[in-house]
Amino acid sequence: MICDPIKIWQEYQKGIEYKNGIGSRGLYEQSELNERMFIGDQWRGVQCGNDKPLVRYNVIKRIGEYKMAMVAGSSIAVNYSAEGVPNTVGIKEESKQLRNSIKEQNSMMYPLPIDAPIPDTVTDENGMERNASSPAMIQLAMEALSDYHKVTAERVKLDDLKTEALKKAFISGTGILYTYWDGKIETGLYADEGMQSPIRGDIGCEVIDIENVYFGNPSVDNVQNQPYIIIAHRRELSDVKREAEMNGLPTDDICANEEYSLQNYRELEDSKHVTVLTKFYKEWDKKGNCKIMAVKCTEKAVIRNEWDTRLRLYPIAKMSWETAKNCIYGDSEVTHL
């Protein structure tokens, strides 16, 4: 049973056990040590007294910042294109005319109803009809996707996330970027002409420590070939209970726990937190088509029942600073420095 929180928690524990067996110290201890080395806290545990000034010349940080600057120095530009559709000057001009025509036609209907039908044909500025499969219409759709990526990248601060993930990769060996649907985002659009029904939800991105990501088959260095992926979050107990109630699920078995494996994670003494696991897995139909399903739970309770993410790929991007043989978790340069 996929939605069994006890089974998912056992898979989580197996992931912790595997990570503890990586290297001579285990992934958690080694990552914490690497973090201290990188920021300059390199005298911890040395019995040399606290009255003497301890010499520091952080070679590790200088090496890391130089290499990260070389990798992340150039900006990333993304442009969508359709395979088999030529990107000629003539098609670009036709696409531009169609864009202007659509703007003019929709300006009288703003805000557009959420159930507005998509037209099969569009009339350009010269009065010519273009169907949805014409090269100009396809080019227009590709331009819209490129514009949407640009706007979204600015909103989620993709350049900052890229830098953060790169730093995680240098220190711990692996950088992880998690992309998800955030239903709380205010889009500024409305589903009705009276602007009483706001449309919420858009793409969200988060950099996650590799200590909190667990792969179902860690001997395979390919995210998309994993049988499942578990992401662990440490959250406020009241927040988790509220989410379960919103999903129509009981909260009796949701309780604070102290068992977690998070790098340098500290909590207030009187605070109540609970570890929440989000499991992504593949589901296949009889025709061999795959879809990504997900479920969210704690150690003993389900927070959100299984749902279809409407994705065909896991929403995880991974970068290993140095790949390790037969292991999806990368190797850090700091470990050897």
Side-chain angles (χ1 to χ4, degrees), residues 4-39 41-42 44-46 60 64 164-178 206-235 255-267 271 273-281 295-300 314 316-337:
D4 183 2
I6 297 178
K7 180 182 178 181
I8 296 175
W9 191 264
Q10 290 174 347
E11 292 170 339
Y12 166 62
Q13 294 296 320
K14 288 180 181 178
I16 293 176
E17 184 178 338
Y18 180 89
K19 289 180 179 180
N20 283 329
I22 297 176
S24 59
R25 292 186 173 90
L27 188 146
Y28 303 106
E29 183 181 345
Q30 188 66 63
S31 294
E32 187 174 354
L33 175 61
N34 290 358
E35 178 75 22
R36 296 205 311 266
M37 291 292 111
F38 183 82
I39 64 176
D41 183 14
Q42 301 175 353
R44 183 179 297 189
V46 179
I60 293 177
E164 184 182 354
L166 190 61
K167 181 180 177 182
K168 300 277 188 188
F170 179 75
I171 294 175
S172 65
T174 312
I176 296 289
L177 181 65
Y178 169 45
E206 177 186 0
V207 174
I208 302 181
D209 292 333
I210 190 58
E211 293 86 344
N212 303 327
V213 182
Y214 301 84
F215 298 99
N217 187 359
S219 62
V220 176
D221 186 23
N222 189 317
V223 171
Q224 300 306 327
N225 288 343
Q226 296 297 319
Y228 64 83
I229 299 174
I230 294 176
I231 298 177
H233 285 96
R234 193 72 176 160
R235 295 175 52 189
C255 54
N257 59 15
E258 298 181 358
E259 185 176 357
Y260 56 91
S261 297
L262 305 180
Q263 179 189 14
N264 295 332
Y265 195 83
R266 301 290 182 268
E267 295 175 355
S271 63
H273 288 74
V274 58
T275 300
V276 177
L277 306 178
T278 304
K279 178 179 179 179
F280 297 93
Y281 60 94
V295 61
K296 190 180 295 186
C297 68
T298 63
E299 182 178 1
K300 299 178 181 178
Y314 288 119
I316 296 260
K318 177 187 77 74
M319 176 196 173
S320 296
W321 191 268
E322 292 287 349
T323 58
K325 186 176 181 180
N326 298 327
C327 183
I328 195 170
Y329 302 108
D331 196 4
S332 169
E333 187 172 343
V334 180
T335 301
H336 308 287
L337 289 174

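Just so you know, residue 1 is the first one in the sequence shown, and it goes up from there.
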Could you please spell out the steps behind the side chain to side chain contact (heavy atoms under 4.5 Å, CB included) verdict for Ile8 and Asp4?
CA-CA 6 Å; Ile8 296 175; Asp4 183 2; 5.9 Å; no
With heavy-atom distances below 4.5 Å as the criterion, would you say the side chains of Asn225 and Asn217 are in contact?
no
Would you say the side chain of Thr298 lies within less than 4.5 Å of the side chain of Trp9, judging by non-hydrogen atoms?
no
Min side-chain heavy-atom separation Ile176-Ile231 under 4.5 Å:
no
Within the 4.5 Å heavy-atom criterion, are Gln226 and Ile328 side-chain neighbours or not?
yes
Decide yes or no for Asp209 and Lys168: does some side-chain heavy atom of the first lie under 4.5 Å from some side-chain heavy atom of the second?
yes
To the nearest 0.5 angstrom, please state how far the CD atom of Glu299 sits from the CG atom of Leu277.
9.0 Å
How far does CD1 of Ile171 sit from CG of Leu33, to the nearest 0.5 angstrom?
11.5 Å
Heavy-atom distance under 4.5 Å between the side chains of Ile22 and Tyr18, does that happen here?
yes
Note: Ser332 and Gly173 closest approach over all heavy atoms is CB-N, 3.6 Å
Do the side-chain N and O atoms of Ser31 and Glu211 include a donor-acceptor pair separated by under 3.5 angstrom?
yes
Just verifying a value: how many Å separate Ile16 CD1 and Lys14 NZ, rounded to the nearest 0.5 Å?
13.0 Å
May I ask you to decide if the ring planes of Tyr178 and His233 are parallel, tilted or perpendicular, using 30° and 60° as cut-offs?
tilted
Phe215-Tyr329 aromatic ring centre distance below 6.0 Å
yes
Just so I know, are the side chains of Tyr214 and Lys19 near enough to count as touching, which here means a heavy-atom distance under 4.5 Å?
yes
Find out whether Lys296 and Val276 are in side-chain contact, i.e. whether some heavy atom of one side chain is under 4.5 Å from a heavy atom of the other.
yes
Going through the distances and angles, do Glu11 and Ile230 end up as a side chain to side chain contact (heavy atoms under 4.5 Å, CB included)?
CA-CA 8 Å; Glu11 292 170 339; Ile230 294 176; 3.9 Å; yes
Between Val274 and Arg234 the two heavy atoms that sit nearest each other are C-NH1, 3.6 Å
Point-to-point distance, once rounded to the nearest 0.5 Å, from CZ of Phe170 to CE of Met319
11.0 Å
Going from CD on Gln30 to CE on Met37, what distance comes out if it is rounded to the nearest 0.5 angstrom?
10.0 Å
Worked verdict on Tyr12 versus Thr275 for side chain to side chain contact (heavy atoms under 4.5 Å, CB included):
CA-CA 11 Å; Tyr12 166 62; Thr275 300; 4.1 Å; yes
Is it true that Lys318 and Ser320 share a donor-acceptor pair across their side chains at a distance under 3.5 Å?
yes
For the residue pair Asn34 / Thr335, report whether a side-chain donor-acceptor contact shorter than 3.5 Å exists.
yes
